[in-house]
Amino acid sequence: MATELEELVEFLSSPSPPVKKAAVEIVKKAAVEIVSGLTGSEEGLQSLSKYSEILLPSLSRLLSESKEVSEPSAQALVNLSQNSELAGKMIQMGLIKVAMDMLYNPESCITRLLVMLLVNLTQLDDGVSSLLQIEDEKMRGLHIMKLVRSFCRSSGETADDQFEHVGSILVNVSKTEDGRKMLLEPKRGLLKQIIRQFDSTNQLRKKGVAGTIRNCSFEAKNQLENILLISEFLWPALLLPVAGSKIYSEEDISKMPPELGSALAIEREPVTDADIRVQTLEAIYLIILQEAGRRAFWSVNGPRILQVGYEYEEDSKVMRAYEQVGSLVCSTLYLSISLNHWLTLLNLRKITLLALGCLILNQLVEESGGPEESSSEPTKAES
């Protein structure tokens, strides 16, 4: 391994494209072996790290060359960035700015790989700060605005969706307070743009949107007004995935806003990804922790929607998320409504009396975990 890397340092300075490509292929193969553990990964990682100060800048420079060189170089960087130590070094050397500049270079042909690289780098807080340009007052937020624009303008209905992984970047960004605040700024309107991508049939996009909304909901205590400014798009994104697939009655629909009622008045495909359903329920929970959030939830007939969805739910993890929301609603109503009246009202029969009794007696308002980063493993480039 050390011998190959020593030769690689010499190869990377060669002006010959075929030699450069061969060098990049060596790095890519070494990275794949080290990261996936196909060989002695600890020894390999140590060997690779020894040369990282030379290898990483060299690979970064190759991103601007022809496709035959830039593509394997980008693949190698994506694979190497799965290692947090090497990812940290890439961030320190300014690779996020390099990737963003190349991403919007008309001559670049490695868009998907650059986006995948940004996914891995933003799993680190320093990577998020770099992408948000926190230290640059004049340029702050420009990168994320470009990515959101590309995410929303590109089609998620094609097999070659170059920007689908931006959803994972947004989840990583929204795990930080700075990221959430930027996404929720009314003047930027970023969350409104992002939420509208929830209608995409691309599950990676949909999951990224759900995770981003969920993380942004942690700001509900201080920024609920900004969150509810986009209620027209927010409630369909949160409630339709957990509404079940049945057609709702005219009476139920009459108590909903048009954007919800029209969707629930017809047959529709269920959201099959359990993680998405959990994320939307957790977002609802965080919003209705606030009194104004509960009023907004009731105003769209939210309890009825969750009641119906819960009756058809079979996944135990999702059922627990339903019950968490139900228990919170119960705990906020118990002073004025008897237990039996509440059960009759919401008809959440699957929540046990024992669980409800414990929740009411102890006045529990269970807190969700903190904002989550993208749930997927670090992105790996295919050969």
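Positions are given from 1 along the sequence. Computed from a predicted structure; not experimentally measured.
The backbone N or O of Leu147 sits nowhere less than 3.5 Å from a side-chain atom of Ser150 that would complete a donor-acceptor pair. A donor-acceptor pair under 3.5 Å is formed between the side chain of Tyr248 and the backbone N or O of Ala243. Remark: side-chain polar atoms of Arg180 are not paired, donor with acceptor, to backbone N or O of Asp178 under 3.5 angstrom. Looking only at distances, no side-chain donor or acceptor of Arg196 sits under 3.5 Å from a matching main-chain atom of Phe233. No side-chain donor-acceptor contact under 3.5 Å links Ser108 to the backbone of Asn105. Judged purely by atom type and a 3.5 angstrom limit, Gln133 uses its side chain to pair as donor or acceptor with the backbone of His143.
Following chains of ILVMFWY side-chain contacts shorter than 4.5 Å, one can reach Ile134 starting from Val128, so the two form part of one hydrophobic cluster. Note on Leu229: it does not cluster hydrophobically with Leu183, by side-chain heavy-atom contacts below 4.5 Å among ILVMFWY residues. Taken together through direct or relayed side-chain contacts under 4.5 Å among Ile, Leu, Val, Met, Phe, Trp and Tyr, Val278 and Leu289 form part of one hydrophobic cluster. Hydrophobic clustering, with ILVMFWY side chains joined whenever heavy atoms are under 4.5 angstrom apart, groups Leu77 together with Tyr104. Ile91 and Leu142 are members of different hydrophobic clusters when ILVMFWY side chains are connected at heavy-atom separations under 4.5 Å.
Side-chain N/O atoms of Arg205 and Gln197 include a donor and acceptor closer than 3.5 Å. A side-chain donor-acceptor contact under 3.5 Å links Gln223 and Asn226. Side-chain atoms of Arg214 and Ser217 include no donor-acceptor pair closer than 3.5 Å. Counted by atom type alone, Ser129 and Asp126 present zero donor-acceptor pairs between their side chains at under 3.5 Å.
Scanning both residues, Val78 and Asn120, for their nearest heavy atoms gives O-ND2, 3.1 Å. Scanning all heavy atoms of the two residues, the minimum distance from Ser154 to Phe163 falls at OG-CB, 3.6 Å. Shown here for Gln162 and Val115, the closest heavy-atom pair between the two residues is O-CG2, 4.0 Å. Of all non-hydrogen atoms in Ala76 and Leu59, the two that sit nearest each other are CB-CD1, 4.3 Å. Considering every non-hydrogen atom in both Leu63 and Met102, the closest pair reads O-CE, 3.3 Å. Of all heavy-atom pairs between Ser174 and Cys216, the closest is CB-SG, 4.2 Å.
At least one side-chain heavy atom of Phe297 sits less than 4.5 Å from a side-chain heavy atom of Pro303. The shortest distance between side-chain heavy atoms of Thr111 and Leu103 falls below 4.5 Å. Side-chain contact check for Phe151 versus Leu170: some heavy-atom pair is nearer than 4.5 Å. Counting heavy atoms from C-beta outward, Lys207 and Asp275 have side chains that approach closer than 4.5 Å. Counting only heavy atoms from C-beta outward, the side chains of Glu232 and Pro257 never approach each other to under 4.5 Å. Between Asn172 and Leu131, every side-chain heavy-atom pair lies at or beyond the 4.5 Å cut-off. Side-chain contact between Asn215 and Gln279: absent, with no pair of heavy atoms (C-beta onward) separated by less than 4.5 Å. At a threshold of 4.5 Å between non-hydrogen side-chain atoms, the residues Glu71 and Cys109 do not count as touching.
The NZ atom of Lys255 sits 13.5 Å away from the OG atom of Ser299 when rounded to the nearest 0.5 Å. Between the CG atom in Leu95 and the CG atom in Leu56 there is a gap of 8.0 Å [rounded to 0.5 Å]. Rounding to the nearest 0.5 Å gives a distance of 7.0 Å between CG of Leu240 and CD1 of Ile305. Note: Met182 CE to Glu177 CD = 12.0 Å, rounded to the nearest 0.5 Å. In this structure, CD on Glu259 lies 11.0 Å from CG on Leu264, to the nearest 0.5 angstrom. Distance check, rounded to the nearest 0.5 Å: CG of Asp125 to OG of Ser130 gives 12.5 Å.
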Step-by-step side-chain contact (heavy atoms from CB on, under 4.5 Å) determination, Leu234 to Leu191: CA-CA 9 Å; Leu234 176 70; Leu191 188 59; 5.9 Å; no
Candidate pair Met100 and Leu114, rule side-chain contact (heavy atoms from CB on, under 4.5 Å), full reasoning: CA-CA 8 Å; Met100 287 299 300; Leu114 291 171; over 6 Å; no
CA sep, side-chain torsions, deciding dist, call: Asp252, Ser249, side chain to side chain donor-acceptor pair (under 3.5 Å): CA-CA 5 Å; Asp252 289 336; Ser249 68; 3.2 Å; yes
Leu118/Ile96 under side-chain contact (heavy atoms from CB on, under 4.5 Å): CA gap, chis, key distance, verdict: CA-CA 7 Å; Leu118 290 172; Ile96 284 183; 4.1 Å; yes
Candidate pair Ser81 and Leu86, rule side-chain contact (heavy atoms from CB on, under 4.5 Å), full reasoning: CA-CA 6 Å; Ser81 66; Leu86 294 177; over 6 Å; no
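Taking the six-membered ring for Trp and thresholds of 30 and 60 degrees, Tyr322 and Tyr310 have ring planes more than 60 degrees apart, a perpendicular arrangement.
A salt bridge between Arg277 and Glu313 is present, with a side-chain N of the basic residue lying under 4.0 Å from a carboxylate O of the acidic one. Note on Lys181 versus Glu185: no salt bridge recorded, every NZ/NE/NH1/NH2 to OD/OE distance being 4.0 Å or above. A salt bridge does not link Lys206 to Asp199: none of the charged side-chain nitrogens sits closer than 4.0 Å to a carboxylate oxygen.
Looking at Leu286, Leu184, Ile213 one by one, the single match for side-chain contact (heavy atoms from CB on, under 4.5 Å) with Ile227 turns out to be Leu184. Remark: of the listed residues Arg188, Arg140, Gln193, Arg188 is the sole one forming a side-chain contact (heavy atoms from CB on, under 4.5 Å) with Met145.
Among residue pairs with one or both ends in residues 101-121, those qualifying as salt bridge (Lys or Arg N to Asp or Glu O under 4.0 Å) are Lys97-Asp101, Arg112-Asp160, Arg112-Glu164; sequence neighbours excluded.
In the displayed structure, Lys246 atom NZ is contacted under 6.0 Å by more than 12 heavy atoms of other residues, nucleotides or ligands.
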